[in-house]
Amino acid sequence: QVQLVESGGGLVQPGGSLRLSCAASGSIVSINAMGWYRQAPGKERELVATITSGTSTNYADSVKGRFTISRDNAKNTVYLQMNSLKPEDTAVYYCNADLKYINGIRFTQSTYWGQGTQVTVSS
């Protein structure tokens, strides 16, 4: 019914850049907000950045000024441009979407998660 597919993760040296993409597909009516979260080994999942349908953005202090979140509503896709990457950015990054979808003959609101993509920053 609804699926979030992520891409763009990989290995990069400190100071390098990566661009993550997350495309939502299925019987989607609208997406209220999308965001990126990350989880490092031994740590809890944390918010990285969010963006609403009105393009309002919110960033964690640790990534502000280095990461940029954006979305393409026509493609139901959210992006995370990551610049000046640091070793502490190493984590599994998860895409999140708060959306409405067609459930039978009704609209249902729910939150979906992507499968996660590994980002490793190391020399």
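Note that the numbering runs from 1 along the sequence shown for the chain. Every heavy atom of this structure was used, including side-chain atoms; hydrogens, water molecules and symmetry mates were not.
- Under a hydrophobic-cluster definition in which Ile, Leu, Val, Met, Phe, Trp and Tyr are linked whenever side-chain heavy atoms come within less than 4.5 Å, directly or via other members, L47 and Y93 are assigned to different clusters.
- Between the side chain of T77 and the backbone N or O of K75 there is at least one donor-acceptor pair closer than 3.5 Å.
- The shortest side-chain heavy-atom distance between L80 and V48 falls under the 4.5 Å cut-off.
- Clustering ILVMFWY residues whenever any of their side-chain heavy atoms sit less than 4.5 angstrom apart, transitively, puts V12 in the very cluster that holds M82.
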Query - From CA spacing to verdict: side chain to side chain contact (heavy atoms under 4.5 Å, CB included), T117, V92 - result: CA-CA 5 Å; T117 183; V92 177; over 6 Å; no
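- Interatomic distance, T52 OG1 to N58 CG, rounded to the nearest 0.5 Å: 10.0 Å.
- When every heavy atom of M34 is checked against every heavy atom of V78, the shortest pair comes out as CE-CG1, 3.5 Å.
- Nearest approach of Q118 to T90, heavy atoms of both residues: NE2-CG2, 4.0 Å.
- Here the CG atom belonging to L99 is positioned 12.0 Å from the OG atom belonging to S53, to the nearest 0.5 angstrom.
- Between R45 and W113, some side-chain heavy-atom pair lies under the 4.5 Å cut-off.
- The two residues S70 and I51 make their nearest non-hydrogen contact at CA-CD1, 3.9 Å.
- Of all the heavy atoms in L18 and G10, the pair that sits closest is CD1-O, 3.9 Å.
- Here the shortest heavy-atom pairing between G9 and V119 reads CA-CG2, 4.3 Å.
- The distance from atom CG of N103 to atom CD of Q109, rounded to the nearest 0.5 Å, is 12.5 Å.
- Between the side chain of Y59 and the main chain of I69, a donor-acceptor pair closer than 3.5 Å is present.
- Between W36 and F67, the gap from one ring centroid to the other reaches at least 6.0 Å.
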Query - Trace of the side chain to side chain contact (heavy atoms under 4.5 Å, CB included) decision for S25 with Q3 - result: CA-CA 5 Å; S25 62; Q3 186 177 29; 4.0 Å; yes
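- Side chains of S122 and P87 form no contact here, defined as non-hydrogen atoms less than 4.5 Å apart.
- Y37 and V63 are not part of a single hydrophobic cluster, where members link through side-chain heavy atoms under 4.5 Å apart.
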Report task. Start with the C-alpha gap between R71 and Y79, add the side-chain angles, then the distance that decides, and say whether side chain to side chain contact (heavy atoms under 4.5 Å, CB included) holds. Result -> CA-CA 6 Å; R71 65 188 293 177; Y79 307 93; 5.8 Å; no
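- Under the 4.5 Å side-chain criterion, counting only non-hydrogen atoms from C-beta, I102 is in contact with V29.
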Query - Intermediate values then yes/no, side chain to side chain contact (heavy atoms under 4.5 Å, CB included), I28 and I31 - result: CA-CA 8 Å; I28 299 171; I31 301 178; 3.8 Å; yes
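- The closest donor-acceptor contact from the side chain of E6 to the backbone of G116 lies under 3.5 Å.
- Hydrophobic clustering (ILVMFWY, side-chain heavy atoms < 4.5 Å, transitive): F107 and Y112 are in distinct clusters.
- With rounding to the nearest 0.5 Å, the separation of SG in C22 from CG in L4 is 4.0 Å.
- Residues V121 and L20 are members of one and the same hydrophobic cluster, defined by side-chain heavy-atom contacts under 4.5 angstrom among Ile, Leu, Val, Met, Phe, Trp and Tyr.
- Taking all atoms of both residues into account, the shortest heavy-atom contact from Q81 to S17 is NE2-CB, 4.0 Å.
- Both tests do not hold together for R38 against Y94: distance to the six-membered ring centre under 6.0 Å, angle to the ring axis within 45°.
- For K86 and D89, the salt-bridge test fails: no basic side-chain N is under 4.0 Å from an acidic carboxylate O.
- Between S62 and E88, the closest side-chain pair of non-hydrogen atoms is not below 4.5 Å.
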